[in-house]
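The structure is given below, and queries will be raised subsequently.
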Amino acid sequence: MDPVTLSVLASGLAGIAEEMGTLLVRSAYSSNIKERRDCSAALFDRAGRMIAQAAHVPVHLGAMYESVRAVAARGALPGEVWVLNDPFAGGNHLPDVTLVSPLAADGEIIAFAATRAHHSDMGGMRPGSMPADSREIYAEGLIIPPVRLIADGEWRTDILELICANSRTPQLRRGDLRAQAAANQLAGTRLAELIERRGLDVVLTAFTEVLAYGERRSRAMIAGLPDGRYTAAGEVEGDGVTDDDIPIRVAVTIDGDALTVDFAGTSPAVPGNVNCPRAVTRSACCFALRVLLPEDVPANDGTYAPLEVLTQPGSLVDARRPSAVVAGNVETSQRIADTVLAALSQAVAARTARGAGGPTAGDGAGRRGPGDGPVLPAQGQGTMNNLIIGGRGWTYYETLAGGQGASARGPGPSGVHVGMTNTLNTPIEALELEYPMRVERYELDMATSGAGRHPGGAGLVRSIRVLQEATLSLLTDRRRHAPRGAAGGGPGAVGRNEVDGVRLPPKAGLELAAGSVVTIRTPGGGGWGPSDG
């Protein structure tokens, strides 16, 4: 396929995924999707390879392919929509519900459309389905294996009612699932229109060519890094059972145009809920690779083809049923991404030292001009700061922004989501309208910024007063170990969790009396370069 046609069709396929996401956001009922945009959309070919994705949540997109393949293996047919959330069948954690639709042309399945959205309550032992004290996945909510939600164009009301009956907010579940189904249906309409304009053979060829192009670009970047083995260590700050650090060990091997990430030496699975299904671990590794690539490289399964991930079954990063995993998706994934990036930064530094790519190339987020090498920033906040508050008939969930690391090009941005999350905040007006809560403080905390020639981004402070009795769950990290600076820059400040002025551990759950104030201070990003440089 000639480059112009390939570019046009690649943009057309990506546009379908983006429009799916836009429809989902605008149609959803819950603030977690319509305000925060905690959702993702993507297109897959008939083999379950992701060919186009919207710029949504990284932790969703690297794992969704397993859900698509699980549905395909069960004999999905055109006109059906399948639903699942099982983390051991390609899901992330139970609140992330995936809808998969086979798309057909001339009577044959040629693609799959998939949406994944974080539903604010899927049952379980605590409102919000993200308990800090779960010990098995069964306590975290309703587990949905791949099942038909729509068959022959008709909703399976028994399945829909079963899901809604297990949620504390059934009307929101019903509305959000219908929004996801509508987004999948739109993908079928838009793909049919593309086939009508270009022809089926051309579109199918584009599927193959887009994957091949992504792989070529990815391999070329990896080949530009020095061969070798680069190691790094990280940790998760407790699992909700104990507050002890849980080790993560990574060895990244670069061999020609291939990259292997080996987690040998990482902790076994733990009693608490910070364990990761392997699909989530792969997502974090895909994200780390994506950070190295220029932004014009499409993010698809071809781009990640040079990546091999090695894990030990039953470990923290390859948990097996019935391990609790709800925090593994949101917190351990962040620590994995940071640790893999720390190892890759050694390869980038070695490349720079040998004269391939200057130290000021790029902007610290993987963006750079033609001919420049990859550049990595100092560490960002490295946590999603999960805040879950719920009472009778309502559940509030939010991930809170913090500081991004600085880079050779300039300071890190403040008050942004970092790493494996890519969502927005819940506006105060929407929060106070929907929930019995009042926001009493919401501002940047400039003191959290890592010092340096280019300072890190600042974290923020958010204080919320609950106006009714409620349950609180906190799943956070970086409360003891600060985000590291780079090139002589200082670390960002750690975060802090408080209820009525009393400090809480990184993972905590408790009952709140009416009038209690929950305050979250999020970490800042590391600085770049010495302050006197």
Side-chain angles (χ1 to χ4, degrees), residues 48 59-74 82-98 100 116 122-125 129-147 234-236 238-242 244-251 260-287 307-337 339-340 420 475 477 507:
V59 76
H60 289 172
L61 293 163
M64 230 194 301
Y65 81 103
E66 286 199 16
S67 294
V68 173
R69 294 178 185 181
V71 168
R74 283 162 172 79
W82 288 61
V83 60
L84 71 153
N85 71 349
D86 187 347
F88 304 107
N92 288 83
H93 58 181
L94 298 182
D96 285 333
V97 179
T98 304
V100 179
R116 179 165 289 177
M122 288 298 293
M125 64 187 291
S129 308
M130 297 187 66
D133 52 347
S134 56
R135 304 293 176 261
E136 291 183 316
I137 190 171
Y138 309 115
E140 296 177 349
L142 176 68
I143 302 171
I144 310 171
V147 294
E235 70 288 312
V236 178
D239 67 344
V241 176
T242 74
D244 298 336
D245 288 344
I246 303 165
I248 296 173
R249 300 292 181 263
V250 167
T260 302
V261 181
D262 189 347
F263 288 91
T266 294
S267 169
V270 294
N273 60 23
V274 299
N275 304 294
C276 267
R278 192 178 188 281
V280 172
T281 298
R282 180 182 181 273
S283 281
C285 295
C286 290
F287 169 78
L307 172 67
E308 182 180 12
V309 179
L310 303 178
T311 58
Q312 178 65 39
S315 67
L316 180 77
V317 295
D318 191 354
R320 300 302 168 96
R321 196 185 303 272
S323 290
V325 298
V326 69
N329 179 65
V330 290
E331 289 304 305
T332 308
S333 68
Q334 294 274 59
R335 313 288 349 107
I336 293 169
T339 308
V340 174
M420 299 301 290
L475 298 172
D477 220 83
K507 285 81 178 172

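By convention here, the first residue in the shown sequence is residue 1. Everything quoted here is computed from the prediction, not taken from an experiment.
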- Note, Val309 side chain near Phe263 side chain (heavy atom, < 4.5 Å): yes
- Task: Check whether any side-chain heavy atom of His93 lies under 4.5 Å from a side-chain heavy atom of Val280, and answer yes or no.
- Result: no
- Query: Can you check side-chain contact (heavy atoms from CB on, under 4.5 Å) on Val83 and Val97, steps first, answer last?
  - Reply: CA-CA 7 Å; Val83 60; Val97 179; 3.6 Å; yes
- Task: Using a 4.5 Å cut-off on heavy atoms from C-beta on, say whether the side chain of Asp318 contacts that of Thr281.
- Result: no
- Heavy-atom distance under 4.5 Å between the side chains of Tyr138 and Arg321, does that happen here? yes
- Item | Criterion side-chain contact (heavy atoms from CB on, under 4.5 Å) on Thr266 and Gln312, from CA distance to verdict | CA-CA 9 Å; Thr266 294; Gln312 178 65 39; over 6 Å; no
- May I ask you to test the Asp133-Met125 pair for a side-chain heavy-atom distance under 4.5 Å? yes
- Is there a side-chain contact between Asp96 and Asn85 (heavy atoms, below 4.5 Å)? no
- Item | Close side-chain approach of Val261 and Cys285, heavy atoms under 4.5 Å | yes
- side-chain hydrogen bond (donor to acceptor under 3.5 Å, both in side chains) involving Glu140 - partner list, sequence neighbours excluded: Ser134
- Quick one: closest heavy-atom pair of Arg320 and Phe88, and the distance? C-CE2, 3.6 Å
- Item | Minimal non-hydrogen separation, Pro95 against Ser129, with atom names | CG-O, 3.6 Å
- Atom CD in Glu331, atom CG in Asp239: separation rounded to 0.5 Å? 13.0 Å
- Message: To check you understand the geometry: which heavy-atom pair defines the closest contact between Pro131 and Leu475, and what is its length?
- Response: O-CD2, 4.4 Å
- Query: Can you tell me how far the CD atom of Glu136 sits from the CG atom of Asn273, to the nearest 0.5 Å?
  - Reply: 12.5 Å
- Approximate separation, where rounding is to 0.5 Å, of Thr339 OG1 and Arg249 CZ: 9.0 Å
- Message: If you compare all heavy atoms of Arg116 against all heavy atoms of Gly91, which two are closest, and at what distance to 0.1 Å?
- Response: NH2-CA, 3.8 Å
- Note on the structure: When rounded to the nearest 0.5 Å, the distance separating CD1 of Ile246 from CD of Glu235 is 10.0 Å
- Message: Let me confirm one number: the CD1-CG distance from Ile137 to Leu94, rounded to the nearest 0.5 Å.
- Response: 4.5 Å
- Per the side-chain contact (heavy atoms from CB on, under 4.5 Å) rule, which among Asp244, Leu316, Val236, Thr332 passes with Val270? Leu316
- Item | Nearest atoms (heavy-atom pairs only) where Asn275 meets Ser323 | ND2-CB, 3.9 Å
- Item | By salt bridge (charged side-chain N to carboxylate O under 4.0 Å, His left out) - contacts of Arg335 (at least two apart) | Asp338, Asp477
- Looking at side-chain heavy atoms only, is the closest gap between Val71 and Thr98 below 4.5 Å? no
- Interatomic spacing from CG in Asp86 to CG in Leu142 - rounded to 0.5 Å: 10.5 Å
- Item | Non-hydrogen atoms of Leu84 and Ser67 that approach each other most closely | CD1-OG, 3.6 Å
- Item | Under 3.5 Å donor-acceptor, Arg278 side chain and Cys276 backbone | no
